[in-house]
Amino acid sequence: MDSVVIIEKGIFIVAIFAITMIMAMYSTWAERKVAAWLQDRIGPNRAGPLGLFQPLADGLKLFSKEEFIPETRNKILFLAGPAISMSVALMTSAVIPWGDKLHIAGRDVILQATDIDVALLYIFGVLSVGVYGIMIGGWASNNKFSLMSAMRAGSQMISYEVAMGLAVIALIMMSGTLSLREIAAQQSGMNWNVFYQPVGFIIFLVCSFAETNRTPFDLAECEAELIGGYHTEYSSMKMGFYLFAEYASMFISSAILAILYFGAYNYPGMQWVIENWGVNIGNTIGIAVLFAKICFFIFFYMWVRWTIPRFRYDQLMNLGWKMLIPIAIANIVITGIVILLADKFL
Amino acid sequence: MSLDTISLSGKKMEVSNKKMSFWESLYLVAIVKGLFITIRHLFTRKVTIKYPEQKRELSPVYRGQHMLKRDDQGRENCTACGLCAVACPAEAITMKAAERKPGEEHLYREEKYAEIYEINMLRCIFCGLCEEACPKDAIYLTETKVMVASASKREDFIYGKDRLVMPLEMALRNSKNKAS
């Protein structure tokens, strides 16, 4: 690999890291704004215009708060919990194609940190590690309520990952590849997967809510029963890391939703724009389109949060195991039949 | 008509235990409906009042901080009978009576007066019962719309006579207005 590629990838990785961080930062701001708007309030408006410096103020507060660590914790694991959560949330962004390609200085720059063929498997693999962040955090706190909450979160995430995987299998059967780049490219024009896999999309959407521990599935946090949640014993920035990881993974899962089902960076008329205005402009619009889709999904997460009340735990498990998994399997069977018939008769 | 179905208030309703249909049990329709209800609130008028810049308008009958009145000659009305303290549901009022000495007739209207008169503003609920209980028209909740100012010590909220009694000039001005 020549050095130009290494520099290019390096710049790209740093850029992705920064973008993910900024998006997560401003998701906290957006969450408060959206919450306020949906409740007929104005929301943060003191720190800067429209309260735009609110995340900075929050960060400053979290960093300067007292670091309280319980004496009976397991020290290494206690520190590892938030670190795992955070790094897992950031790792997934490596395989996400943020756009098609740009033409810079006579070279085609692919807008993706690494284009691996098993991107989807990688994402699922990394996601399942995310459970450890929460489990370890809850366990190392040496607090019964944290442990209970971590167990709840852990079993919830694991059981919803099954349905999530099954929902994606139907999609993979259609597209015939595990590479996110390929899947994105196949959806050019208006061939968005959501039109071919509506059931799969709904299952995937529900599961990603559960995976990111967002309402209506935010059973990991519950002030009424569990004092706080798996992060009860955490304070200052370690607590901030857990919250930040939630927002980062919200951003990433919005990106995955947009790429898998909502046509990624494709927009109607993309081909025409590229032919007439050049590759760079066409694909820059593509990046903007992808980010618009991501922002919509982030908004959707918040929108749902202020609409649907939290599930009860047995309802959550019922929905996961008795509804979503059978529906996902039926979806796979039907997709398979349709693919076979299409092969035979078309 | 059986006893179970009689409804005196007209509000009695049968509990319905009907089975949900397939679409209802999916909840998706209900969730989408709910989403539309919440999104509508994005476009409604916001109720926030940005406090230091904007202030909520008070009702015209709002009654603010208490005042111990003087009569038209500038003498204090209060005789420290303690009825206001008894009437106070929050037990915010305390007082200590003293006897008027010769030569103080221009200060106090009757032979007894309140040497110490204190209202604990942290307890006061501005119900106005002290005003109603007072037989001497001494204590009033004023129409000034002045709220109790913030302070950082609890002691600062105990208002003594220095802050409750009507200023002398005000009493004289009132009596002059009345005369003219």
Side-chain angles (χ1 to χ4, degrees), chain A residues 30-51 194 198-207 209-210 214-217 295-312 315-316 318-320 322-324 326-328 330-331, chain B residues 11-62 64-65 121-122 125-126 145-154 156-157:
Chain A
E31 173 103 281
R32 296 171 68 172
K33 271 290 190 199
V34 170
W37 288 335
L38 293 180
Q39 296 169 348
D40 293 347
R41 295 183 285 116
I42 291 177
N45 63 350
R46 294 285 131 178
L50 287 171
V194 67
V199 178
F201 167 68
I202 289 170
I203 295 168
F204 193 86
L205 186 70
V206 173
C207 293
F209 275 92
R214 295 280 304 179
T215 339
F217 306 111
C295 289
F296 169 75
F297 276 109
I298 292 177
F299 173 73
F300 188 72
Y301 270 97
M302 293 164 186
W303 183 8
V304 167
R305 175 171 179 180
W306 300 103
T307 305
I308 308 173
R310 185 181 282 153
F311 272 57
R312 214 170 55 216
Q315 290 173 331
L316 173 96
N318 263 340
L319 180 70
K322 292 189 187 160
M323 300 263 298
L324 292 183
I327 293 173
N331 189 33
Chain B
K11 286 176 186 164
K12 191 170 179 179
M13 284 203 329
E14 282 290 311
V15 177
S16 112
N17 281 328
K18 80 172 174 65
K19 263 218 165 294
M20 283 192 283
S21 70
F22 172 72
W23 277 107
E24 279 170 335
S25 68
L26 278 183
Y27 295 115
L28 278 179
V29 183
I31 287 173
V32 171
K33 263 190 210 162
L35 286 174
F36 274 106
I37 290 171
T38 40
I39 197 89
R40 227 178 292 145
H41 283 267
L42 267 185
F43 309 107
T44 51
R45 211 168 59 84
K46 308 301 174 205
V47 294
T48 308
I49 294 173
K50 299 177 186 167
Y51 170 61
E53 293 98 46
Q54 303 171 355
K55 284 187 179 146
R56 191 185 295 273
E57 223 169 274
L58 294 168
S59 129
V61 294
Y62 181 87
Q65 205 189 305
M121 290 299 178
L122 289 174
I125 54 170
F126 294 88
K145 309 197 171 164
V146 171
M147 294 190 214
V148 176
S150 56
S152 46
K153 272 189 287 183
R154 298 188 77 84
D156 294 345
F157 287 102

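Labels below follow one simple rule: chain letters A, B, ... track the order of the sequence lines, proteins then strands, and each chain is numbered from 1.
Note on B:Ile31, B:Ile37, B:Leu42, B:Ile39: by heavy-atom pairs under 4.5 Å with chain A, the leading option is B:Ile39.
For a residue to count as touching a neighbouring chain, one of its non-hydrogen atoms must lie under 4.5 Å from one of that chain's; by this rule A:Ile308 touches chain B with the side chain only. At a 4.5 Å heavy-atom cutoff, the contact between B:Leu28 and chain A is made by side-chain atoms alone. In this structure, the portion of A:Ile202 lying under 4.5 Å from any heavy atom of chain B is its side chain and not its backbone. Heavy atoms of A:Val34 lying under 4.5 Å from chain B are absent altogether.
Relative ring orientation between A:Phe209 and A:Phe300 is described as perpendicular, the plane-to-plane angle rising above 60° on a 0-90° scale split at 30° and 60°.
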Using only the distance criterion (under 3.5 Å, no hydrogens considered), which donor-acceptor pairs connect chain B with chain A?
{"from": "B:Leu35", "atom 1": "O", "to": "A:Trp303", "atom 2": "NE1", "distance (Å)": "2.9"}
{"from": "B:Thr38", "atom 1": "OG1", "to": "A:Trp303", "atom 2": "NE1", "distance (Å)": "3.1"}
{"from": "B:Thr38", "atom 1": "OG1", "to": "A:Thr307", "atom 2": "OG1", "distance (Å)": "2.8"}
{"from": "B:His41", "atom 1": "ND1", "to": "A:Asp40", "atom 2": "OD1", "distance (Å)": "3.2"}
{"from": "B:His41", "atom 1": "ND1", "to": "A:Asp40", "atom 2": "OD2", "distance (Å)": "3.3"}
{"from": "B:Thr44", "atom 1": "OG1", "to": "A:Asp40", "atom 2": "OD1", "distance (Å)": "2.7"}
{"from": "B:Lys46", "atom 1": "NZ", "to": "A:Trp37", "atom 2": "O", "distance (Å)": "3.2"}
{"from": "B:Val47", "atom 1": "N", "to": "A:Asp40", "atom 2": "O", "distance (Å)": "3.0"}
{"from": "B:Thr48", "atom 1": "OG1", "to": "A:Ile42", "atom 2": "N", "distance (Å)": "3.0"}
{"from": "B:Glu53", "atom 1": "OE1", "to": "A:Arg46", "atom 2": "NH2", "distance (Å)": "3.3"}
{"from": "B:Glu53", "atom 1": "OE2", "to": "A:Arg46", "atom 2": "NH1", "distance (Å)": "3.2"}

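With sequence neighbours excluded, no residue satisfies side-chain contact (heavy atoms from CB on, under 4.5 Å) with A:Ala330. Contacts of B:Phe126 classified as ring-ring contact (aromatic ring centres under 6.0 Å, His included), with partners at least two apart in sequence or in another chain: B:His66. Residues passing the side-chain contact (heavy atoms from CB on, under 4.5 Å) test with A:Ile327 are A:Val199, A:Ile203, sequence neighbours excluded.
Taking all atoms of both residues into account, the shortest heavy-atom contact from A:Pro309 to A:Pro216 is O-CB, 3.5 Å.
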